[in-house]
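Shown next, in structure tokens, is the structure this report addresses.
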Amino acid sequence: MDYDAPRENEDGVNVNATTDAEVRRPQGWTGFDEDELVAAEGQLPGSDLSGEELTIEVVPQQTDEFVCTCCFLVHHRSQLTGDVAGPPACNECGA
């Protein structure tokens with residue numbers, strides 16, 4: 001089956017998929033939510049975010065935490081694998 005070939009309906013008339021889709025749309029349907037479009041304004045991929053400031057509190061590593069040498073995530077001491085001879089690894093990476 002050639003999916004790029006023009007299609008015909010039962011009467012042998014060529015069918016334009018774009019026109020058919022437009023006919024089936026509900027009245028007033030635009031294809032996107034205008035509120036979401038306004039909220040995303042200026043945050044599109046490739047937009048300049050150099051003027052934005054991030055306010056994130058960085059907490060230093062606690063005494064009961066370790067950094068996994070495989071995934072480089074900070075975990076609680078309870079997530080440390082039972083193998084203490086090697087470098088510290090979490091349960092997920094050490095399994």
Side-chain donor-acceptor pairs of residues 72-79 under 3.5 Å, sequence neighbours excluded:
from	atom 1	to	atom 2	distance (Å)
His76	ND1	Ser78	N	3.1
His76	ND1	Ser78	OG	3.0
His76	NE2	Asp64	OD2	3.1

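Counting heavy atoms from C-beta on, the side chains of Cys68 and Pro88 never come closer than 4.5 Å.
Side-chain atoms of Glu57 do not come within 3.5 Å of backbone N or O of Thr55 as any donor-acceptor pair.
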Exercise. Start with the C-alpha distance between Cys90 and Cys71, add both sets of side-chain angles, then the distance that settles side-chain contact (heavy atoms from CB on, under 4.5 Å), and finish with yes or no.
Key: CA-CA 8 Å; Cys90 66; Cys71 65; 4.0 Å; yes
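Residues meeting the side chain to side chain contact (heavy atoms under 4.5 Å, CB included) test with Glu52, sequence neighbours left out: Leu49.
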